[in-house]
Amino acid sequence: MINLPTADLHTHSGITGLGAYRPERVVSNDELASRIDSSDQWIRERTGIIERRFATAEEDVVTMGTHAGLEAIRDAKIDPSEIDVVIVATFTHKYQTPSASAEIAHLVGAVNASAFDLGAACAGFTYGIGVSDGLIRSGNAKNILLVGSEKISDFTDFDDRGTAFLFADGAGAAVISATDVQGIGPTVWGADGSSRDAIIMAPDSIAAGLQGVPSMLTMQGQQVFRWAVGSMGEICERALSAANITADDLVAFVPHQANLRITDALIKRLHLPDSVVIARDVTTSGNTSSASIPLALDTLRKSGSVRSGDPVLMIGFGAGLAFAAQVALVP
Ligand code: UT7
């Protein structure tokens, strides 16, 4: 049997740049509450959300992802031509094909890059970190642009009491590169397709029985809430132990910004010391799915709450039911 050669291995990978894009339009709870017989108070108490951002008609996954991607490339201090792969985690790109990543690669000037989209919904960014880590350490890439970009407002039924107030738009990005020290811990990940209908965007919205409503997102909120609170704590613990650190060594916890009550339950379960900085970006950004973790990490970094080299625990979870967690060092 022939033994095929591997690519030239890189020993280590790490996050070397971050970028963010938040649409300008701020949407208050009051603006959404009247259509769903809700209130600002209910939304704040049940989710922590005070306001969120919605994209304009001219903005989409590609335009927002391009802004975030360009910022991450500048932050990483590389030339776009040095990027080997562009990965876009999204479930709200307007075309089934071609990919958002091919367009974003073109628009950021990543002329030498391969490009593909990654479908893991709210776990998309942390899935992408795991994939990027593997691609780099196997020698198949040296610099990767990973983007999480969502325009969920295009797929939200604003008369649905279960989702109208929760989701929002935005984009976050990271550059992952071959580095001198390992900056990304092992990824702990999985999925459970038996819960397909828990969060679903089907042409007929079959899950909600809304025949004829095209491609709207529906969610069994309580089921997802119970799953996240009941199961994601153990995944976080496994990611910490895979990284060979404990909660006491962490500088920050950046979970998917799904609902502040889920974040609070995970903090309790993990016994995080008060010194650990908690990402609470959901309060002003809403739930932006694959964009929520890079947006939240970017907020912590720009505010000086975390510094280069600090270990942060990230966990993404959502439709699929897919999840992925890892410890990474702040660029
Ligand atoms: O990002 C992907 C992963 N997604 C998530 O992690 C989301 C997980 N789920 C959630 O965050 C929560 O389930 C929601 C925020 C979506 C909903 O909160 P909840 O606490 O699970 O609400 P519920 O469906 O259990 O309803 C509680 C009560 C009910 O009233 P009663 O029966 O207690 O009198 C509902 O009728 O709140 C009522 N209710 C509302 N009231 C005002 C339900 N929706 C609304 C609403 N406004 N929009």
So does [X] pair up with [Y], basic N to acidic O under 4.0 Å?
{"X": "E237", "Y": "R269", "answer": "yes"}
{"X": "E31", "Y": "R25", "answer": "yes"}
{"X": "D281", "Y": "R22", "answer": "yes"}
{"X": "R44", "Y": "D40", "answer": "yes"}
{"X": "K94", "Y": "D154", "answer": "no"}

Which heavy atom in [X] sits nearest to a heavy atom in [Y], and how many Å separate them?
{"X": "A105", "Y": "A115", "answer": "CB-CB, 4.4 Å"}
{"X": "A141", "Y": "V85", "answer": "CB-CG2, 3.9 Å"}
{"X": "R137", "Y": "T11", "answer": "CD-O, 3.3 Å"}
{"X": "I245", "Y": "P311", "answer": "CD1-CB, 4.5 Å"}
{"X": "T288", "Y": "G170", "answer": "CG2-N, 4.3 Å"}
{"X": "E45", "Y": "R261", "answer": "O-CD, 3.8 Å"}

Measuring centre to centre across the rings, with the benzene-like ring taken for any Trp, is W189 within less than 6.0 Å of Y127? yes

Please check if the distance between the ring centroids of F158 and F54 is under 6.0 Å. yes

Can you sort out the partners of D30 under salt bridge (charged side-chain N to carboxylate O under 4.0 Å, His left out), two or more places apart, ordered by chain and number? none

Could I get the full list of ring pair (Phe, Tyr, Trp, His ring centres under 6.0 Å) partners for F125, not counting sequence neighbours?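 For F125 there are no ring pair (Phe, Tyr, Trp, His ring centres under 6.0 Å) partners, ignoring immediate neighbours.
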
With sequence neighbours excluded, what pairs up with W227 under the ring pair (Phe, Tyr, Trp, His ring centres under 6.0 Å) test?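 Per chain and number, W227 pairs via ring pair (Phe, Tyr, Trp, His ring centres under 6.0 Å) with no residue.
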
Heavy atoms, side chains only, cut-off 4.5 Å: are D160 and M216 in contact? no

My understanding is that only one of E71, E59, H67 makes a side-chain hydrogen bond (donor to acceptor under 3.5 Å, both in side chains) with Y21; could you say which?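 Running side-chain hydrogen bond (donor to acceptor under 3.5 Å, both in side chains) over E71, E59, H67 with Y21 returns exactly one hit, E59.
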
Tell me which one of S149, S153, S285 satisfies side-chain hydrogen bond (donor to acceptor under 3.5 Å, both in side chains) with D169. S153

Sequence neighbours excluded - side-chain hydrogen bond (donor to acceptor under 3.5 Å, both in side chains) pairs with any residue from [range]:
{"range": "residues 318-331", "result": "T187-Q326"}
{"range": "residues 96-111", "result": "S99-S101, S101-D117"}
{"range": "residues 310-324", "result": "none"}

Any side-chain to backbone donor/acceptor pair from S290 onto A89? Under 3.5 Å, distance only.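 Looks like yes, one N/O pair under 3.5 Å.
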
Just by distance, do the side chain of N112 and the backbone of D84 share a donor-acceptor pair under 3.5 Å? no

Please evaluate residues D79 and R74 with respect to the criterion salt bridge (charged side-chain N to carboxylate O under 4.0 Å, His left out), reporting the C-alpha separation (whole Å), side-chain torsions for both, the decisive distance (0.1 Å), and the verdict. CA-CA 8 Å; D79 190 85; R74 279 195 300 274; over 6 Å; no

